[in-house]
Enquirer: 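Can you keep this structure in mind? I'll have questions shortly.
The sequence lines fix the lettering, A, B, ..., with proteins before strands; numbering per chain opens at 1. Bear in mind the structure is a predicted one, so any value in this text is a computation, not a measurement.
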There are 2 protein chains.
Amino acid sequence: MPRKTSAATGTRPASTGKPATINDIARLAGVSKKTVSRIINNSPLVRKDTREKVEALMREVGYTPDPLARGLAFRRSFLIGMVYDNPTAQYIVDMQYGALDALRDSGYELVVHPCDTRSPGYIDGVRRFVQQQKLHGVMLVPRASEDQNLADMLAELGVRYTRILPMGVDDQDARLVVTHDRDGAAEAADYLLTLGHRDIALITGPSAYRSAVERTAGFVEALASRGGSVPKARIIEAGYTFESGVAAAEKLLAGKKRPTAIFCGNDEMAAGVYKVAMRTGLSIPRDLSVIGFDDSPLASRLWPSLTSVRRHTRDTGRIAATMLIRAGNAPMPVASVRPHLVVRDSCQPPA
Amino acid sequence: MPRKTSAATGTRPASTGKPATINDIARLAGVSKKTVSRIINNSPLVRKDTREKVEALMREVGYTPDPLARGLAFRRSFLIGMVYDNPTAQYIVDMQYGALDALRDSGYELVVHPCDTRSPGYIDGVRRFVQQQKLHGVMLVPRASEDQNLADMLAELGVRYTRILPMGVDDQDARLVVTHDRDGAAEAADYLLTLGHRDIALITGPSAYRSAVERTAGFVEALASRGGSVPKARIIEAGYTFESGVAAAEKLLAGKKRPTAIFCGNDEMAAGVYKVAMRTGLSIPRDLSVIGFDDSPLASRLWPSLTSVRRHTRDTGRIAATMLIRAGNAPMPVASVRPHLVVRDSCQPPA
DNA sequence: CTGAAAGCGCTTACAG
DNA sequence: CTGAAAGCGCTTACAG
């Protein structure tokens, strides 16, 4: 049987199906495996021509180092964990896509780890995950990212992690991605004021969620800074769910003294407002203006399409993952992402 | 400084923070590391009392074998890859949750790998992913699962994989999970016939998707088996997207000879029908009955809530992952999941 | 700038 | 049923 030989050198054994190892490269290049290792790890202690020769060979052979072997020797895998406790599918998927954008061709892979922050043993579950897999880094996504105990556990383990948070927080061990939810809510407030609304109601997420607190504060403060205000009775705390949005809207729209606009902490609850308005015979936006938060696909599926605050989730995920795999412990301790309002058809000046 | 000693033996060194290794266990148990290895791998070649003694010790110490080291020795990691090319967030997330249900406490982890089946190099991308990570197994999710070339590549690599498919297919190398989309569509047809509809239209997904073909066939055949039929002009091929649903609905609802009911290949397109109906002043379900497919969250967010076919995606993911990690190449080559109709408020008898 | 030795924590192949 | 030796494909620590 004729052996296929490398067109370039003639010395490389026929492609046997078995991937090349560091030993193959070292032998073929006539250097020690340690030199190959230095090249793999971008050590400066390699002569330029040696490096170029070996790199060319690695490309020709299609060599990539075995992450399992590297991981064993490094005592650390090439896996990035994404830890989250969030029911919104689009948000999670966008975050994953973003992370994968950053990880593509980096040699790192993304391992997903949803958890339930309300269950007592969840921190231990994350610890086992991180420790056993010897993760290279962990992305903490809201609301899991808000749990200081989780972050403390990770810091104690000495594993690097990023926290994606609606606002700044004091954490020396973390790399932070701040999403500035306040700004998005403020923009919504400005928009409604500009349209002429004065009687505005809020349906907020649970006050145990920082995102809910931030969005509410951002909205109320922006209103106040322009002379507006929201009476307490016009603020209803709901649960970020469709059903809770329905319940809140029923309260707000029951009497004859209805608000002319409602700002919702997310799109799900805004959809709940739509449902109640439809049932009640109220026309959006003629009788009632509505704004959501998330700019989920739902926003454009509703009729009329929903004005909402876009969060740039994919960018957020990309930045968070990049901070984890970037070489060195260099700067970039805090990154920022800012939301912005996407205007659609759910608002108009009050009657 | 007082050393903490094991209450049980007094011989175990204080927990130093460093996880125990197979050598620690062997030494402490007074057996060879090979015996510990046999126990880890459930070999029958271990005396019962030896096994129990060692297992108790492992539990006490909190020992879990290092997947990196095992992977290196096995030449195979403990990672399951999920390969998909699907834009629907909820579907992907449900599939992931299902897979994670199966993987929980199994020692395996889930690595996600979205891809673009229309890009030319995507199969090579999956190959590199599978080969470099030495994946233990791969889950192929629609529509990537429909690509025979992808499956062939995996078979050639000798890696085990599951294909989740709308219908049966001939693939000796795969473990199959058949979702029987036909049955769900047939149930929708029966329901509309029972309500009294005779002039029914279809908005289908792209005919290049097996799911679209199956759903259409299932619907049309069920109609035919009860004496009904759908004229060609009443079947519009769309793209599974909201926008394409809008365009299709505009055609169907333009003239005065409107159908009394529309069956859509997914919920996204059904939302498009809603939009056009709203805009046109048609009332659902009074003037028009609508059925979707997916039973996505969108279905209950729309008003009136959408009758739709539920797919049991999480179960599907759980079964597919289970087939991958189940020991041995035992039976269970094909599993089945069946959809069913969830009746809500979007249908009623025709006027 | 380069390399030979030892080791990461497991398993395979072989011997008993 | 049990174990000593060699090896998986890399890196660290040390020497030159």
Side-chain angles (χ1 to χ4, degrees), chain A residues 16-55 57-58 61-79 107-108 131-136 327, chain B residues 16-55 57-58 61-79 107-108 131-136 327:
Chain A
T16 61
K18 293 214 173 190
T21 71
I22 196 173
N23 288 309
D24 298 328
I25 301 296
R27 183 168 36 79
L28 261 26
V31 300
S32 77
K33 64 202 280 192
K34 180 57 207 165
T35 296
V36 180
S37 172
R38 286 204 179 86
I39 290 166
I40 292 170
N41 292 292
N42 290 313
S43 159
L45 303 176
V46 181
R47 263 204 353 246
K48 199 180 161 212
D49 55 335
T50 310
R51 146 161 284 131
E52 282 168 358
K53 182 179 68 176
V54 176
E55 279 177 342
L57 182 64
M58 295 197 303
V61 178
Y63 168 74
T64 37
D66 182 341
L68 256 15
R70 292 231 287 164
L72 180 58
F74 270 138
R75 292 162 191 76
R76 174 181 294 165
S77 75
F78 289 83
L79 266 18
Y108 293 90
Q131 212 158 207
Q132 172 155 353
Q133 300 299 323
K134 294 199 167 68
L135 294 187
H136 177 271
Chain B
T16 60
K18 293 214 172 191
T21 72
I22 195 173
N23 288 309
D24 298 328
I25 301 296
R27 182 168 36 78
L28 259 27
V31 299
S32 76
K33 65 203 279 194
K34 180 56 205 165
T35 297
V36 180
S37 172
R38 286 203 179 88
I39 289 167
I40 291 170
N41 293 292
N42 289 315
S43 158
L45 302 177
V46 181
R47 261 203 355 244
K48 199 179 163 212
D49 56 333
T50 309
R51 147 160 285 135
E52 281 167 359
K53 182 180 67 176
V54 176
E55 278 177 343
L57 182 65
M58 297 196 303
V61 179
Y63 167 73
T64 38
D66 183 340
L68 255 15
R70 291 231 286 165
L72 179 59
F74 270 138
R75 293 161 190 76
R76 173 181 295 165
S77 75
F78 288 83
L79 266 18
Y108 293 91
Q131 212 157 207
Q132 172 157 353
Q133 300 300 322
K134 294 199 167 65
L135 294 187
H136 177 270

Enquirer: Considering just the side-chain nitrogens and oxygens of S32(A), establish if one lies under 4.0 Å of OP1 or OP2 belonging to dG3(C).
Expert: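 Yes, because at least one side-chain N or O of S32(A) sits under 4.0 Å from OP1 or OP2 of dG3(C).
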Enquirer: Can you tell me how far C1' of dC8(C) sits from CG of D66(B), to the nearest Å?
Expert: 8 Å
Enquirer: Is the shortest side-chain N/O distance from T21(A) to OP1 or OP2 of dC8(D) below 4.0 Å?
Expert: no
Enquirer: In whole angstrom, what separates R76(B)'s CZ from dG9(D)'s P?
Expert: 15 Å
Enquirer: Whole angstroms only, please: what is the CG-C1' distance between D24(B) and dC8(C)?
Expert: 13 Å
Enquirer: Once rounded to the nearest 0.5 Å, what's the spacing between atom CG of L57(B) and atom CD of E52(B)?
Expert: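 It is 13.5 Å, given to the nearest 0.5 Å.
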Enquirer: Rounded to the nearest 0.5 Å, how far apart are CZ of R27(B) and CD1 of I22(B)?
Expert: 13.0 Å
Enquirer: Taking only N and O in the side chain of R75(B), is any of them less than 4.0 Å away from OP1 or OP2 of dT11(C)?
Expert: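 Checking dT11(C) against R75(B), no side-chain N or O comes under 4.0 Å of OP1 or OP2.
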Enquirer: Taking all non-hydrogen atoms of both residues into account, name the closest pair between A26(A) and S32(A) and its distance.
Expert: CB-C, 3.8 Å
Enquirer: Which value, rounded to the nearest 0.5 Å, describes the distance between I25(A) atom CD1 and S37(A) atom OG?
Expert: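 If we round to the nearest 0.5 Å, I25(A):CD1 and S37(A):OG are 13.0 Å apart.
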Enquirer: To the nearest angstrom, how far is L68(B) atom CG from dG7(C) atom P?
Expert: 20 Å
Enquirer: From CD1 of I25(B) over to P of dG3(D), roughly how many Å is that when rounded to an integer?
Expert: 15 Å
Enquirer: What are the two closest non-hydrogen atoms of V46(A) and R38(A), and how far apart are they?
Expert: CG2-CB, 3.6 Å
Enquirer: Can you give me the closest heavy-atom contact between E55(A) and I39(A), atom names plus distance?
Expert: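 E55(A) and I39(A) have their closest heavy atoms at CG-CG2, 3.8 Å.
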Enquirer: Just how far is it from atom CD of Q132(B) to atom CG of L135(B), taken to the nearest 0.5 Å?
Expert: 10.0 Å
Enquirer: Closest-nucleotide mapping onto DNA chain D: is K33(B) or A20(A) further toward the 5' terminus? I mean the 5' end.
Expert: K33(B)
Enquirer: Can you see if the side chain of R70(A) gets near the phosphate of dT11(D) - specifically, an N or O under 4.0 Å from OP1 or OP2?
Expert: yes
Enquirer: Which pairs of donor and acceptor atoms, one on a side chain in residues 61-73 of chain A, lie under 3.5 Å apart (sequence neighbours left out)?
Expert:
unit_1 : atom_1 : unit_2  : atom_2 : d
D66(A) : OD1    : L68(A)  : N      : 2.7
D66(A) : OD2    : K134(B) : NZ     : 2.8
R70(A) : NH1    : N41(A)  : OD1    : 2.7

Enquirer: Among residues 34-44 of chain B, which residues get a heavy atom nearer than 4.0 Å to DNA chain D?
Expert: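 Of all residues in residues 34-44 of chain B, the ones placing a heavy atom under 4.0 Å from DNA chain D are K34(B), T35(B), R38(B), P44(B).
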Enquirer: Taking atom CG of L28(B) and atom CG of N23(B), what is their separation to the nearest 0.5 Å?
Expert: 11.5 Å
Enquirer: Give DNA chain C the dot-bracket treatment, 5' to 3': Watson-Crick (N1-N3 with N6-O4 or O6-N4) or G-U (N1-O2, O6-N3) under 3.5 Å, [ ] crossing, | other strand.
Expert: |||.||||||||.|||
Enquirer: Would you please classify the geometry between the H136(B) ring and the F78(B) ring as parallel, tilted or perpendicular, with 30° and 60° separating the classes?
Expert: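 Aromatic pair F78(B)/H136(B) classed parallel.
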Enquirer: Rounded to whole angstrom units, what separation is found between the CG atom of L45(A) and the C1' atom of dT11(D)?
Expert: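 Distance check: L45(A) CG to dT11(D) C1' gives 14 Å.
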Enquirer: Out of dC10(D), dG9(C), dT2(C), which has the shortest distance to the side chain of R47(A)?
Expert: dT2(C)
Enquirer: How many Å lie between NZ on K48(B) and P on dC1(D), as a whole number?
Expert: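 Those two atoms, NZ and P, are 12 Å apart.
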Enquirer: From CG of N23(B) over to P of dC8(C), roughly how many Å is that when rounded to an integer?
Expert: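 Rounded to the whole Å, the gap is 8 Å.
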Enquirer: Relative to the 5' end of DNA chain D, which residue comes earlier, G30(B) or K134(B), by the nucleotide with the nearest heavy atom?
Expert: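 Nearer the 5' end of the strand: G30(B).
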